[in-house]
**Student:** 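Dropping the structure in here first, questions after.
Not measured: the values here are computed from a predicted model. Convention: sequence-line order gives letters A, B, ...; per-chain numbering from 1.
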Amino acid sequence: MTLSIATWNINSVRLRIDLVTRFLEEHKPDILCLQETKCMNGQFPHGPFRKLGYDYHAINGQKGYHGVAILSRLPLQEEESLMFCEKPDARHGAALVTTPDGPLRIHNFYVPAGGDIPDVEANEKFAHKLGFLDEMRLWGQKEKQTKIPTVLVGDLNVAPLENDVWSHKQMLKIVSHTPMETERMLAAIQEGEWVDAMRHLIPEPEKVYTWWSYRAADWALANRGRRLDHIWVSPDLAPKLSDLTILREARGWERPSDHVPVIVRLEG
DNA sequence: ATGGTAGGACACCTA
């Protein structure tokens, strides 16, 4: 059997609901994980998703900021959202999906962006980001013992490898690619025994980007992208990784998100 | 070295 899972930082699910439904109609992933939904649970647009056969929703929203959602064509049970850094931010959601091959656990993350200054003294948002990554790493060490096939996705706001950015050298002091962040993320992958699905299917040194800034005059021409969105899988799923789609064209849709959807297929 | 754009909510925060 095959199962496809997509992740997309949508930067307001209500504003861009037509882009999400277009994406679902054209690509039909079994599961879609959204970040930055930017609305409270009571405001979440369930209707358009149900209309397309995505009947099962696990949502965790808050007013104005952050917010994550898991939408599925297969039945799911919502699981407890985790809290990081003792903040009530809606930055994580989880669900257990019932697949023909048995249960599959999904974790959907939205890691803090961390502000502009890569200094924990001068910038508390950066300190928060590093603290979040540390807690994520410790959590992952325990999570790997659950024995349930697991997929972790989301906007992790770190581009950990040299070819996850347009210029490694010029990005070393830019938040998202500093050694403080990349070392923490690589440690989290290693200690959690995660497989970086995107790099499993598209190894270095190929450039891979999922985000292009709104602030470029011409994002496609400059092509100064970063790989901020990730799909990690538990080792048992690694042999099933069969295809990866990064929907770059979605960055050129009308009133786009600055992130594009990433879809992975699990087969066999 | 700097400023560039976008969303939510309604003064200014977050990205």
**Student:** Any idea which of B/dG7, B/dA15, B/dG8 is nearest the A/Arg16 side chain?
**Tutor:** B/dG7
**Student:** Nearest whole angstrom, please: distance from the P of B/dT14 to the NZ of A/Lys63.
**Tutor:**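 It works out to 15 Å between those atoms.
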**Student:** If we ignore angles and hydrogens, is there a donor and acceptor under 3.5 Å between the side chains of A/Glu143 and A/His107?
**Tutor:**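 Their side chains do contain a donor-acceptor pair, which is all the 3.5 Å distance test asks for.
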**Student:** Roughly how many Å is it from CD1 in A/Ile174 to P in B/dA1, rounded to a whole number?
**Tutor:**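 My rounded result for the distance is 11 Å.
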**Student:** Say you pick atom C1' in B/dG4 and the same atom in B/dA15; how far apart are they, in whole Å?
**Tutor:** 14 Å
**Student:** Can you name the side-chain contact (heavy atoms from CB on, under 4.5 Å) partners of A/Glu267, sequence neighbours left out?
**Tutor:**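 With sequence neighbours excluded, A/Glu267 shows a side-chain contact (heavy atoms from CB on, under 4.5 Å) to A/Thr2, A/Ser242, A/Arg265, given in chain and number order.
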**Student:** Ignoring hydrogens and angles, are the base of B/dA15 and the side chain of A/Arg215 linked by a donor-acceptor pair under 3.5 Å?
**Tutor:** yes
**Student:** Using atom OH of A/Tyr65 as one end and atom P of B/dC13 as the other, report the distance to the nearest whole Å.
**Tutor:** 8 Å
**Student:** Any side chain to side chain donor-acceptor pair (under 3.5 Å) involving residues 168-179 of chain A? Give me the pairs, sequence neighbours left out, ordered by first then second residue.
**Tutor:** A/Ser167-A/Gln170, A/His168-A/His177, A/Ser176-A/Arg226, A/Thr178-A/Glu181
**Student:** Just to verify, which of A/Asn11, A/Thr7, A/Leu228, A/Ile10 counts as forming a side-chain contact (heavy atoms from CB on, under 4.5 Å) with A/His259?
**Tutor:** A/Leu228
**Student:** Find the distance A/Ile117:CD1 to B/dG3:P and express it as a whole number of Å.
**Tutor:** 14 Å
**Student:** In whole angstrom, what separates A/Asp116's CG from B/dA15's P?
**Tutor:**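 Roughly 10 Å, once rounded to whole Å.
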**Student:** So which one's nearest nucleotide on DNA chain B is more toward 5', A/Asp258 or A/Arg14?
**Tutor:**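 Taking each residue's closest nucleotide, the earlier one in sequence belongs to A/Arg14.
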**Student:** Reckon A/Arg91 touches a base, only the sugar-phosphate, or nothing at all at heavy-atom distances under 4.0 Å?
**Tutor:**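 A/Arg91: backbone/sugar contact only, no base atoms under 4.0 Å.
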**Student:** In whole angstroms, how far is the C1' atom of B/dC13 from the NE2 atom of A/His66?
**Tutor:**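 My rounded result for the distance is 10 Å.
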**Student:** Is A/Lys125 close enough to B/dT14 that one of its side-chain N or O atoms is under 4.0 Å from OP1 or OP2 there?
**Tutor:**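 Answer yes for this pair, as a side-chain N or O of A/Lys125 is under 4.0 Å from OP1 or OP2.
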**Student:** Of A/Gln43 and A/Asn9, whose nearest nucleotide on DNA chain B comes first from the 5' end?
**Tutor:**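 The residue closer to the strand's 5' end, by nearest nucleotide, is A/Gln43.
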**Student:** Please report the distance separating the C1' of B/dC10 from the corresponding atom of B/dT14, rounded so that it comes out in whole Å.
**Tutor:**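 That atom pair is separated by 15 Å.
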**Student:** Write down the distance between CD (A/Glu36) and P (B/dG8), rounded to a whole number of angstrom.
**Tutor:**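 The answer, rounded to whole Å, is 10 Å.
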**Student:** Taking the basic N atoms (NZ, or NE/NH1/NH2) and the acidic carboxylate oxygens, is any pair closer than 4.0 Å for A/Arg91 and A/Asp155?
**Tutor:**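 No, this pair does not count.
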**Student:** How many whole angstroms separate atom CD of A/Glu124 from atom P of B/dC13?
**Tutor:** 12 Å
